[in-house]
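Atoms within each ligand, like the ligands themselves, are counted from 1 in listed order. Numbering starts at 1 and runs along the sequence shown.
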Amino acid sequence: MREGYCLGIESTADDFGVGIVSFDGEILANVGDAYVPEKGGIHPREAARHHARVAGKVIAEALEESGLKPKELTVIAFSQGPGLGPCLRTGATAARALASYLNLPLVGVNHCVAHIEIGRLINKVEDPVTLYVSGGNTIVAAFEAGRYRVFGETLDIAVGNCIDVFAREAGFESKGVPLGRIIEEKAAMGRNFIPLPYTVKGMDLSFSGLLTAATTLLKEGKYKIEDLCFSFQETIFSMLTEITERALAHTEKKEVLLTGGVGANNRLKEMLKIMAEEHDASFHSVPKEYALDNGAMIAWVGVLSYKCGVTTPIEKSHVKLKWRLDEVEVPWIGG
Ligand code: ATP
Ligand code: FE2
């Protein structure tokens, strides 16, 4: 007999996702509908309109997949931040409506905490140094004294954004295939390393100089695109591996967890695995279904929070566009 179920809504950016997770960590549903822009990057208000349009349908799909009736749910969770305002507000509105209609408690979840927690659940990892790399985030984090501390992060653009801008400059627009994967395929055919700006400042990173330099070389047309992609990737992933290694050495943790869309990259996985093994640490990556934005991760943190007595009253359920990972108390770990 299970104690309960949480339905979680994710809507920080282009995905509207709904997951249902039992209190003992079984994922009963994880479905979503992504907004795909006609061209270029995402437009927050258009994405929010998309979310409003599909919300009812995706919630119904999740319930159907779980085999549960709405009245069997125990708690409703939603991504409260960080993210794009219009998108977050749409998800929050759906969550509030559902919670008040079903008369259930609400839990506002930090999106970055959710990425880490679903990775821990899926991989049965205890206490990792996590590298979370996506279109909007670049963070190295680890648990210390009640919170996930940020050991390193980008000082300007996120790594996925950097990769996507470069890929578009190179003319690699293709619907459905992630731009990072196209770069990865080209890079695998590159042989010659072209030096590019490598910017690690303490534990933090900067990608804008590297992006400008790589784009300039691209336009000059002097080098083969394969060599440029290879050098671009090697430089970016070396920077990411360096700061992850520093956090690992500092914290002396024994696990490395890679998540987020950029974490699908095989070369990045390989570099991190070698580095982790040199520190006698195990390396874990998260399968795509749970590494990309998804509702199950929000539902799971809803469960963890609710079990510790943490809920979010409606009057405190406003979205937090810049909610930092290290502002969140994590009472479900340690004692
Ligand atoms: P978040 O809200 O967490 O920032 P997001 O929707 O912006 O999420 P994700 O969907 O997690 O980001 O990841 C998308 C990014 O992952 C894109 O920048 C994409 O190019 C990149 N990506 C996908 N596959 C690969 C790959 N094989 N190699 C490198 N990057 C990849
Ligand atoms: Fe994310």
Side-chain angles (χ1 to χ4, degrees), residues 8-17 19 32-37 40-44 47-48 50-51 79-88 91 109-119 130-139 141 153-154 157-170 172-188 207 211 229-230 232-237 239-240 258-272 285-298 300-301 319 321-323 325:
I9 297 178
E10 155 61 32
S11 74
T12 51
D14 51 347
D15 286 300
F16 186 88
D33 191 318
Y35 154 76
V36 183
I42 77 171
H43 186 294
H50 160 270
H51 296 349
S79 51
Q80 199 172 1
L84 306 171
C87 301
L88 285 168
V109 169
N110 179 289
H111 178 87
C112 304
V113 170
H115 272 292
I116 298 175
E117 290 302 344
I118 199 76
T130 302
L131 175 63
Y132 164 33
V133 275
S134 65
N137 290 283
T138 309
I139 292 176
E153 63 192 316
T154 180
I157 53 174
V159 59
N161 185 222
C162 175
I163 292 172
D164 292 353
V165 171
F166 178 74
R168 282 198 200 99
E169 289 287 344
F172 300 151
E173 193 75 54
S174 106
K175 272 211 162 180
V177 182
L179 292 167
R181 191 153 84 203
I182 301 177
I183 298 281
E184 178 174 14
E185 283 161 10
K186 294 278 175 204
F207 293 107
L211 177 59
C229 290
F230 168 68
F232 180 71
Q233 260 202 186
E234 288 299 299
T235 307
I236 290 178
F237 295 165
M239 287 162 59
L240 292 171
L258 171 64
T259 191
V262 181
N265 190 289
N266 289 316
R267 178 60 181 143
L268 177 59
K269 286 186 201 168
E270 179 184 41
M271 285 166 88
L272 288 167
S285 63
V286 179
K288 230 165 87 184
E289 184 182 2
Y290 302 110
L292 303 182
D293 292 348
N294 65 89
M297 69 181 190
I298 304 300
W300 176 230
V301 176
V319 300
L321 277 51
K322 302 222 178 290
W323 195 12
L325 173 65

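- Residue-and-atom listing of protein N/O/S atoms under 2.8 Å from the Fe ion (ligand 2), sorted by chain and number: His111 NE2, His115 NE2, Tyr132 OH, Asp293 OD1.
- Heavy-atom contacts of Gly135 reach the following atoms of ligand 1: 4 (O), 5 (P), 7 (O), 12 (O), 13 (O), 14 (C), 15 (C) (cutoff under 4.0 Å).
- Residue-ligand proximity, Gly136 to ligand 1, at heavy-atom distances under 4.0 Å covers atoms 4 (O), 7 (O).
- You'll find the side chain of Ile116 reaches within 4.5 Å of the side chain of Leu325, heavy atoms only.
- Side-chain contact between Phe237 and Val262 is present, with at least one heavy-atom pair separated by less than 4.5 Å.
- Interface atoms of ligand 1 facing His111, defined by a heavy-atom separation under 4.0 Å, are 2 (O), 3 (O).
- Across all their heavy atoms, Phe16 and Gly91 have their closest contact at CE1-CA, 4.3 Å.
- Listed by number with element, the atoms of ligand 1 under 4.0 angstrom from any heavy atom of Asp164 are 17 (C), 18 (O), 19 (C), 20 (O).
- With respect to atom 10 (O) of ligand 1, the closest heavy atom belonging to the protein is Leu292 CD2, 3.6 Å.
- No salt bridge links Arg181 with Glu184; every basic N to acidic carboxylate O contact stays at or beyond 4.0 Å.
- The closest non-hydrogen atom to atom 11 (O) of ligand 1, taken over Gly180, Cys112, Gly261, Pro82, comes from Gly261.
- No hydrogens or angles considered: nothing links the side chains of Thr235 and Gln233 as a donor-acceptor pair under 3.5 Å.
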Can you give me every donor-acceptor pair (side chain of residues 286-298, partner residue at least two apart or in another chain, under 3.5 Å) with its distance?
{"residue": "Glu289", "atom": "OE2", "partner": "Asn30", "partner atom": "ND2", "Å": "3.4"}
{"residue": "Asp293", "atom": "OD1", "partner": "His111", "partner atom": "NE2", "Å": "3.1"}
{"residue": "Asp293", "atom": "OD1", "partner": "His115", "partner atom": "NE2", "Å": "3.0"}
{"residue": "Asn294", "atom": "OD1", "partner": "Ala296", "partner atom": "N", "Å": "3.2"}
{"residue": "Asn294", "atom": "OD1", "partner": "Met297", "partner atom": "N", "Å": "2.9"}
{"residue": "Asn294", "atom": "ND2", "partner": "Tyr290", "partner atom": "O", "Å": "3.2"}
{"residue": "Asn294", "atom": "ND2", "partner": "Leu292", "partner atom": "O", "Å": "2.7"}

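- Using 4.0 Å as the threshold, His115 has a heavy atom nearer than that to some atom of ligand 1.
- Here the protein heavy atom with the shortest distance to atom 27 (N) of ligand 1 is Glu184 OE1, 2.8 Å.
- Not a single ring-ring contact (aromatic ring centres under 6.0 Å, His included) links Phe207 to another residue, sequence neighbours left out.
- Checked against a 3.5 angstrom limit, the closest N/O atoms of Ser134 and ligand 1 fall inside it.
- Taking the charged nitrogens against the carboxylate oxygens, Glu173 and Arg168 do have a contact shorter than 4.0 Å, which makes a salt bridge.
- Listed by number with element, the atoms of ligand 1 under 4.0 Å from a non-hydrogen atom of Asp14 are 6 (O).
- Residue contact check: Asp293 has heavy atoms under 4.0 Å from atoms 1 (P), 2 (O), 3 (O), 6 (O), 8 (O) of ligand 1.
- By the 30° and 60° cut-offs, the orientation of the rings of His50 relative to Tyr35 is tilted.
- The closest non-hydrogen atom to atom 21 (C) of ligand 1, taken over Ile139, Val262, Ile42, Asn137, comes from Val262.
- The closest protein non-hydrogen atom to atom 28 (N) of ligand 1 is Asn265 ND2, 3.0 Å.
- Every residue two or more places apart in sequence or in another chain that forms a salt bridge (charged side-chain N to carboxylate O under 4.0 Å, His left out) with Asp33 is listed here: Lys57.
- Val133 is not listed as a side-chain neighbour of Asn137, based on a closest heavy-atom distance of 4.5 Å or more.
- Nearest heavy atom pair, residue Asp164 against residue Gly180, reads OD1-N, 4.1 Å.
- Counting the atoms of ligand 1 from 1 in the order shown, those under 4.0 Å from a heavy atom of Gly160 are 18 (O).
- Using a 4.5 Å heavy-atom threshold, the side chains of Ser285 and Lys269 count as touching.
- When hydrogens are left out, the protein atom nearest atom 3 (O) of ligand 1 is Tyr132 OH, 2.5 Å; that is the closest non-hydrogen contact.
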